[in-house]
Amino acid sequence: VDGVTVARRALLAVHLSSSVGWMGAVAAYLALDVVTATRDDPIAVRAAYIGMGLVVSYVVVPLALAALGTGVAISLATRWGLFRHWWVLISLLLTLGATAVLLVETSTINRLAAVAADLTTTEAQLRGLGSTLVHSIAGLGVLLLITWLNVYKPRGMTPYGWSKQQEEWRTRQTRPGDTGQPARMVEKRRKEESSAS
Amino acid sequence: VARGVVRGHAGAGRISDAVSASRPPTPRWVKLLGLAALVIGLLFVLVMLLAGGDHGPSRHLPPLDTAPPALTPTGLGATGLGWTG
């Protein structure tokens, strides 16, 4: 196993950990969000808002940025590329969108947490703060969709990916002795031919 | 569309897909996802228009005179709960 393979595997491990961690953190956030939307107990609601601020700022945002960064790095470091396959491109767009909405929402969530942490905030004001439930449910849905795309990798090349593949195919065909097939297939075919003769 | 399919190119299993003589059509699942995104986008615009251009919990917040206070995960401020700026 060479150094490049080790680096790729390490990158993949970080990507998987941060992506799954991102989803788990959003699920934890969702639990707190449900408390703010459904409970009447002011202590629980106040604590939930404060927890939401901490979870978003110190867990969700770092994991989202790590998942995005490592995802882009893996795509560029492997044959998948960023724009060659529909599932990679759509995953990238969804991750970028989710991260952008998350970063915008973070300031709002921190303000909610600050208002809830202020003991001069009355119970009526606390109840009127509202929740981010719609955003967190939609966000979790988007993360599940990205996971589905990454696990099943549905087939389909983008026009860009198709033209790049054609280019590579033509380049390989012009090389003498290169059939464009992987070495193990060439070896297998050679064995079959020798056994047949 | 007649397609000449050669498998095993680039030696990476599914990653290679098929090498075709003509550009492959956009897969059906991509079209369905695009349609779903379009419907959600239109619904979002409709909700924004009905809500007067504002949505989300920020509409409940009082306007801030100062910048949002910084979060401190361990710090306890004067209120005993942190986020005292």
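All values reported here derive from a predicted model rather than from experimental measurement. In the text below, chain A, chain B and the rest are named by the order of the sequence lines, each starting its count at 1.
Distance alone, capped at 3.5 Å, places no donor-acceptor pair between the A:T36 side chain and the A:V45 backbone. Within the 3.5 Å criterion, the main-chain N or O of A:T158 finds no donor-acceptor partner in the side chain of B:R23. Between the side chain of A:R46 and the main chain of A:D118, a donor-acceptor pair closer than 3.5 Å is present.
A:A48 and A:V35 get closest at one heavy-atom pair: CB-CG1, 3.8 Å. Summarising the geometry of A:R127 relative to A:D40, their closest heavy-atom pair is NH2-O, 3.6 Å, with the distance given to 0.1 Å.
Rounding to the nearest 0.5 Å places OG1 of A:T106 at 13.0 Å from CZ of A:R111. Taken from CD in A:E167 to CZ in A:R172, the straight-line distance is 13.5 Å, to the nearest 0.5 Å. Expressed to the nearest 0.5 Å, how far CG of A:L112 lies from CD of A:E105 amounts to 9.0 Å.
Side chains of B:M48 and B:F44 form a contact here, defined as non-hydrogen atoms less than 4.5 Å apart. Looking only at side-chain heavy atoms (C-beta outward), A:L140 and A:I137 stay at 4.5 Å or farther from each other.
When the heavy atoms of residues 142-150 of chain A are compared with those of chain B, the residues falling under 4.5 Å are A:L145, A:L149, listed by number. Scanning residues 86-95 of chain A against chain B with a 4.5 Å non-hydrogen threshold yields A:W86, A:W87, A:I90, sorted by number. Interface residues of residues 34-42 of chain B toward chain A, defined by a heavy-atom distance below 4.5 Å: none.
Taking the charged nitrogens against the carboxylate oxygens, A:K164 and A:E168 have no contact shorter than 4.0 Å, which rules out a salt bridge.
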With a cut-off of 3.5 Å and sequence neighbours excluded, list every side-chain donor-acceptor pair involving residues 59-73 of chain A.
from, atom 1, to, atom 2, distance (Å)
A:T70, OG1, A:H15, ND1, 2.9
A:T70, OG1, A:A66, O, 2.7
A:T70, OG1, A:A67, O, 3.3

Decide yes or no on side chain to side chain donor-acceptor pair (under 3.5 Å) for A:N110 and A:S107, but give the supporting numbers first. CA-CA 5 Å; A:N110 282 336; A:S107 63; over 6 Å; no
